[in-house]
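So that the names make sense, note that chain A is the first sequence line, chain B the second, and so on, each numbered from 1.
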Protein chains: 2
Amino acid sequence: MMNSHTVHVQDPDLAALAGLLADRTRASFCLALLDGRAWTAIELARHAGVAASTATEHLNLLVTGGLLAQERQGRHRYVRLADPATAELIENLAAMAPRRAAPPSLPAVSRSRALARARTCYDHLAGALGVAITTAMTDRGLLDWEQGLTLTGDGTAWLAELGITLPPARRRPPVRSCLDWTERRPHLAGTVGAAFCRHAFDSGWVNRIGTSRAIALTDAGQRALRDHLSLTGASFVAERT
Amino acid sequence: MMNSHTVHVQDPDLAALAGLLADRTRASFCLALLDGRAWTAIELARHAGVAASTATEHLNLLVTGGLLAQERQGRHRYVRLADPATAELIENLAAMAPRRAAPPSLPAVSRSRALARARTCYDHLAGALGVAITTAMTDRGLLDWEQGLTLTGDGTAWLAELGITLPPARRRPPVRSCLDWTERRPHLAGTVGAAFCRHAFDSGWVNRIGTSRAIALTDAGQRALRDHLSLTGASFVAERT
DNA sequence: ACGATCGTTCGGCGCGGGCCGAAGAGTCCT
DNA sequence: AGGACTCTTCGGCCCGCGCCGAACGATCGT
């Protein structure tokens with residue numbers, strides 16, 4: 001039985017959702033959380049340059065609004081993006097948003113260079129590294145861009161060879177193109193992108209640089225990319241410290 | 001030569017973009033414009049229940065913000081969504097936004113029933129009609145949902161048989177799943193969805209109901225759906241007046 | 001020429017929301 | 001037990017912004 005005729009059309013409260021992101025501080029929180037990790041309230045407060053009390057209020061709004069999930073451990077309040085759909089929404093918004101000139105301070109430049117090389121974008125790899133991997137996979141026929149982005153049979157076999165098993169396809173698409181705001185080129189996201197990223201961390205191919213969202217490609221990682229993707233290059237390799 | 005190392009990372013001004021949609025009136029404008037047509041300033045003002053002067057200010061913001069495109073004809077100011085990417089962004093936001101109870105006035109109920117049956121969603125067909133067509137195409141093997149949404153070889157042939165020629169694939173994906181806020185099921189969008197919708201209007205399969213975004217399936221349209229998709233049903237057929 | 005309609009500009013009003021600092025509760029470490 | 005740290009609550013400030021009405025200019029119809 002259809003009962004759609006008894007359902008009143010309820011307008012989506014677009015303004016309420018957009019209002020959550022319409023504040024500099026809250027937007028800064030969400031962009032920071034795009035690295036996929038859980039941050040504490042004070043980390044976010046310092047990141048955005050506001051008082052702890054202000055951060056608390058903003059986090060309350062974002063959590064009750066459903067954009068953020070929180071988890072309390074001891075005296076810490078950890079928050080992260082609620083789910084991949086939320087991350088995707090923020091990515092899309094960020095990709096369309098106008099740029100805002102950042103103060104080109106010296107440490108900021110060095111940080112931005114590390115971020116441009118390689119970083120996580122929610123649950124997958126981004127930066128020059130993410131783009132290079134995606135391009136190499138396309139060149140080897142593992143990905144197909146003809147109709148949107150799809151994983152080829154060769155691609156499935158290649159993943160299996162690496163020991164990456166994919167969860168059964170549910171709501172979330174296995175492969176998805178993600179365009180973030182430093183690299184202006186698309187890179188691999190979706191469950192495959194997430195699985196590959198996890199595999200790269202587990203196999204020691206990449207490591208986090210300190211506590212930032214930037215990551216560094218290890219020697220093992222360079223070998224792996226050369227062996228499995230014939231991928232060599234310098235643009236995504238971190239400088240020696 | 002890579003020159004990415006000279007490019008300063010500029011944070012996307014997410015708050016500015018979200019701020020454009022963070023107002024009830026502006027959000028109401030954008031949702032109305034999701035039907036894909038151009039509206040005049042006063043039409044939007046009346047739709048949202050604000051003074052003309054207020055609408056002018058909001059439209060200025062939305063146009064300079066890049067979300068809307070405008071065209072002036074005589075004393076009229078026509079505005080429409082800037083491009084398909086903008087429409088998609090608003091769709092995604094609307095799909096995630098919390099529902100807001102609408103006052104269930106009697107004319108509103110009747111209007112909502114017509115909208116639920118069949119309407120345009122930006123440039124493609126939506127409502128029960130859009131969902132039924134999409135489902136039928138899937139059942140006949142014209143669409144494949146295994147890896148995201150793709151058009152099969154049979155699907156391409158079927159479109160050619162109808163006389164629908166597709167523009168060469170550029171940035172915009174040929175098929176895309178669109179989830180709007182009345183039907184909670186996905187329906188066909190992308191360039192294929194747009195081309196099919198245009199074909200349906202050109203062939204007299206559907207007509208606009210007055211000046212609303214609701215549409216009515218004609219007798220010719222019912223025959224076409226039966227012949228080409230073995231699709232029969234009542235949920236998407238308008239009542240006789 | 002005239003009224004009618006559409007759109008814009010401007011001044012002014014009022015409210016909401018973002019910010020802080022101070023005070024306090026809860027947690028961890030030593 | 002004590003200090004250090006994280007987080008929350010509250011009061012208060014103030015700016016921004018969404019709203020309107022009035023006046024005006026522009027355009028269309030007759």
Side-chain angles (χ1 to χ4, degrees), chain A residues 11 13-33 37-80 97-98 100 211, chain B residues 11 13-33 37-80 97-98 100 211:
Chain A
D11 284 350
D13 199 345
L14 217 168
L17 177 57
L20 290 177
L21 300 170
D23 171 78
R24 275 218 189 305
T25 303
R26 287 194 295 271
S28 169
F29 286 5
C30 291
L31 289 176
L33 290 166
R37 293 177 302 157
W39 293 48
T40 68
I42 277 215
E43 283 172 345
L44 288 171
R46 278 198 273 264
H47 175 79
V50 295
S53 58
T54 305
T56 292
E57 295 170 6
H58 286 306
L59 290 179
N60 287 342
L61 290 176
L62 290 169
V63 168
T64 56
L67 290 183
L68 264 52
Q70 66 179 347
E71 202 170 338
R72 315 193 92 108
Q73 282 182 17
R75 59 182 164 180
H76 292 287
R77 176 192 202 178
Y78 287 101
V79 291
R80 53 182 167 75
R100 198 158 52 88
T211 60
Chain B
D11 284 351
D13 199 344
L14 217 166
L17 177 58
L20 290 177
L21 299 170
D23 173 77
R24 276 219 189 302
T25 303
R26 287 195 296 271
S28 168
F29 286 5
C30 291
L31 289 175
L33 290 166
R37 293 177 302 157
W39 293 49
T40 67
I42 276 217
E43 282 173 344
L44 288 171
R46 279 198 271 264
H47 175 78
V50 295
S53 58
T54 305
T56 293
E57 295 169 6
H58 286 307
L59 290 179
N60 288 342
L61 290 175
L62 289 169
V63 168
T64 58
L67 290 183
L68 267 66
Q70 65 179 346
E71 202 170 337
R72 314 193 92 106
Q73 282 181 20
R75 59 180 164 182
H76 292 289
R77 177 193 201 176
Y78 287 101
V79 290
R80 53 182 167 76
R100 197 158 52 87
T211 60

- With sequence neighbours excluded, tell me which residues meet side chain to side chain donor-acceptor pair (under 3.5 Å) with Arg37(A). Asp35(A)

- For Ala41(B) against Ala55(B), the heavy-atom pair lying closest together: O-CB, 4.1 Å

- In Å and rounded to the nearest 0.5 Å, what is the CG to OG1 distance from Leu61(A) to Thr56(A)? 11.0 Å

- Can you measure from CG (Leu20(B)) to OG1 (Thr64(B)) and round to the nearest 0.5 angstrom? 7.0 Å

- Item | DNA chain D-proximal residues of residues 59-76 of chain B, any heavy atom under 4.0 Å | Gly74(B), Arg75(B)

- Those residues of residues 13-26 of chain B lying under 4.0 Å from DNA chain D by at least one heavy atom: Asp23(B), Thr25(B), Arg26(B)

- With sequence neighbours left out, what residues match Thr25(B) under side chain to side chain contact (heavy atoms under 4.5 Å, CB included)? Asp23(B), Phe29(B), Ala48(B), Val50(B), His58(B)

- For the pair Arg26(B) (side chain) and Gly19(B) (backbone), establish whether a donor and an acceptor sit closer than 3.5 Å, ignoring hydrogens and angles. yes

- Let me know, please, whether Glu57(A) or Tyr78(A) comes out on the 5' side of the other along DNA chain D by nearest nucleotide. Tyr78(A)

- Task: Would you kindly give the CZ-to-C1' distance between Arg77(A) and dA25(C), to the nearest whole Å?
- Result: 15 Å

- Item | Inter-residue atom distance Leu59(B).CG - Leu44(B).CG, 0.5 Å rounding | 6.0 Å

- Task: Not counting sequence neighbours, which residues clear side chain to side chain contact (heavy atoms under 4.5 Å, CB included) with Ala69(A)? List them please.
- Result: Arg80(A)

- Message: Within the structure provided, determine whether Leu17(A) and Leu67(A) are in side-chain contact (heavy-atom separation under 4.5 Å).
- Response: yes

- Between the first and last five pairs of the helix from dA1(C)-dT30(D) to dT30(C)-dA1(D), the angle of the axes, rounded to 10 degrees: 40°

- Message: Which residues pass the side chain to side chain donor-acceptor pair (under 3.5 Å) test with Arg24(B), not counting sequence neighbours?
- Response: Asp13(A)

- Message: To the closest 0.5 Å, what do you measure between CZ (Arg75(B)) and CD1 (Ile42(B))?
- Response: 10.0 Å

- Query: Which residues in residues 43-55 of chain B have at least one heavy atom lying under 4.0 Å from any atom of DNA chain C?
  - Reply: Arg46(B), Ala52(B), Ser53(B)

- Starting at CG of Leu62(B), measure out to CG of Leu21(B) and round the result to the nearest 0.5 Å. 7.0 Å

- Message: Which residues pass the side chain to side chain donor-acceptor pair (under 3.5 Å) test with Gln70(B), not counting sequence neighbours?
- Response: Arg77(B)

- Note on the structure: chain B vs DNA chain D, heavy-atom contacts under 4.0 Å, first-to-last nucleotide span, 5' to 3', is dG18(D) to dC28(D)

- Task: Can you run down the salt bridge (charged side-chain N to carboxylate O under 4.0 Å, His left out) pairs that involve residues 57-73 of chain B, sequence neighbours left out, and say none if there aren't any?
- Result: none

- Would you please name every residue forming a side chain to side chain contact (heavy atoms under 4.5 Å, CB included) with Ala52(A), sequence neighbours left out? none

